[in-house]
A.B. asks: 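Here it is, the structure, as structure tokens.
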Amino acid sequence: MKKIEAIIKPFKLDEVKEALHEIGLQGITVTEAKGFGRQKGHTELYRGAEYVVDFLPKVKIEVVLEDNQVERAVEAIQQAARTGRIGDGKIFVTNVEEAIRIRTGERGGEAI
């Protein structure tokens with residue numbers, strides 16, 4: 001099993017969710033996040049005063065899935081989240097040793 005964590009722009013969430021649903025993934029976890037990468041935030045003007053916005057709003061998506069679904073899921077996220085501009089985000093893929101469904105006690109692939 002693998003875990004995909006994707007950090008994307010918030011307005012792309014619905015498109016990514018639909019893309020993952022189309023390839024057959026059912027469950028995702030979404031967390032609101034703030035952060036910056038290479039773009040290092042930006043400067044804004046508020047009531048005549050200039051200030052730096054270091055942390056930009058992002059959304060973190062987490063999906064746990066079988067190994068054979070990883071490539072299709074990564075490709076779906078990339079295509080749905082891409083704007084072509086800086087700050088589109090990152091995708092991380094890690095190994096998951098065990099998954100357990102709390103309600104039934106199912107383990108492994110049956111739990112996801």
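Nothing here was measured: the structure is a model prediction, and the numbers come from that model. One-based numbering along the sequence shown.
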A.B. asks: Just so I know, are the side chains of I4 and I91 near enough to count as touching, which here means a heavy-atom distance under 4.5 Å?
C.D. replies: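 They are in contact (side-chain heavy atoms under 4.5 Å apart), so the answer is yes.
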A.B. asks: So N95 and K2, do their side chains get closer than 4.5 Å, heavy atoms only?
C.D. replies: yes
A.B. asks: To the nearest 0.5 Å, tell me how far L65 CG sits from R72 CZ.
C.D. replies: 9.5 Å
A.B. asks: What distance separates E62 CD from I7 CD1, expressed to the nearest 0.5 Å?
C.D. replies: 8.0 Å
A.B. asks: Working to the nearest 0.5 angstrom, can you tell me the gap between T83 OG1 and E15 CD?
C.D. replies: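 The OG1 atom of T83 sits 10.0 Å away from the CD atom of E15.
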A.B. asks: How close do L25 and A73 get, counting heavy atoms only, and between which atoms?
C.D. replies: CD1-CB, 3.9 Å
A.B. asks: Can you get from I112 to V74 by hopping between Ile, Leu, Val, Met, Phe, Trp and Tyr side chains that sit under 4.5 Å apart?
C.D. replies: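 In one cluster with I112: V74, no.
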A.B. asks: Spell out, as yes or no, whether a donor-acceptor pair under 3.5 Å connects the side chain of R101 to the backbone of E110.
C.D. replies: yes
A.B. asks: For the pair T29 and I61, evaluate side-chain contact (heavy atoms from CB on, under 4.5 Å) and give the outcome as yes or no after the intermediate values.
C.D. replies: CA-CA 6 Å; T29 300; I61 298 171; over 6 Å; no
A.B. asks: Measuring from atom OG1 of T94 to atom CD of E97, what distance do you get when rounded to the nearest 0.5 angstrom?
C.D. replies: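 Rounded to the nearest 0.5 Å, the OG1-CD separation comes out at 10.5 Å.
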A.B. asks: What do the steps show when you test V93 against V70 for side-chain contact (heavy atoms from CB on, under 4.5 Å), and what is the final call?
C.D. replies: CA-CA 8 Å; V93 180; V70 171; 4.1 Å; yes
A.B. asks: Just so I know, are the side chains of D14 and V16 near enough to count as touching, which here means a heavy-atom distance under 4.5 Å?
C.D. replies: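 No, too far: nothing below the 4.5 Å cut-off.
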A.B. asks: NZ/K9 to CG/D88 distance, rounded to the nearest 0.5 angstrom?
C.D. replies: 5.0 Å
A.B. asks: Does CD in E98 sit with more than 12 non-hydrogen atoms of other residues, nucleotides or ligands closer than 6.0 Å?
C.D. replies: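 Result for CD/E98: enclosed.
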A.B. asks: Compare every heavy atom of P10 with every heavy atom of P57, then report the nearest pair and how far apart it is.
C.D. replies: O-CD, 3.4 Å
A.B. asks: For A76 and A19, which heavy atoms make the closest approach, and how far apart are they?
C.D. replies: O-CB, 3.9 Å
A.B. asks: State, yes or no, whether a side-chain contact exists between L56 and K34 at a heavy-atom distance under 4.5 Å.
C.D. replies: no
A.B. asks: Taking all non-hydrogen atoms of both residues, which atom of G27 and which atom of V63 are closest, and how far apart?
C.D. replies: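 Minimum heavy-atom separation between G27 and V63: O-CG1, 4.0 Å.
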A.B. asks: What is the distance from atom CD1 of I23 to atom CD of E75, rounded to the nearest 0.5 Å?
C.D. replies: 9.0 Å
A.B. asks: Looking at every non-hydrogen atom in both residues, tell me the closest pair between D67 and M1 and how far apart they are.
C.D. replies: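 Between these two residues, the closest heavy atoms are OD1-N, 3.1 Å.
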A.B. asks: Could you check if a side-chain atom of K60 sits within less than 4.5 angstrom of a side-chain atom of E5, using non-hydrogen atoms only?
C.D. replies: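 Yes. Closest side-chain heavy atoms under 4.5 Å.
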A.B. asks: Taking all atoms of both residues into account, what is the closest heavy-atom pair of V30 and I28, and its distance?
C.D. replies: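 The answer is CG2-CD1, 3.8 Å.
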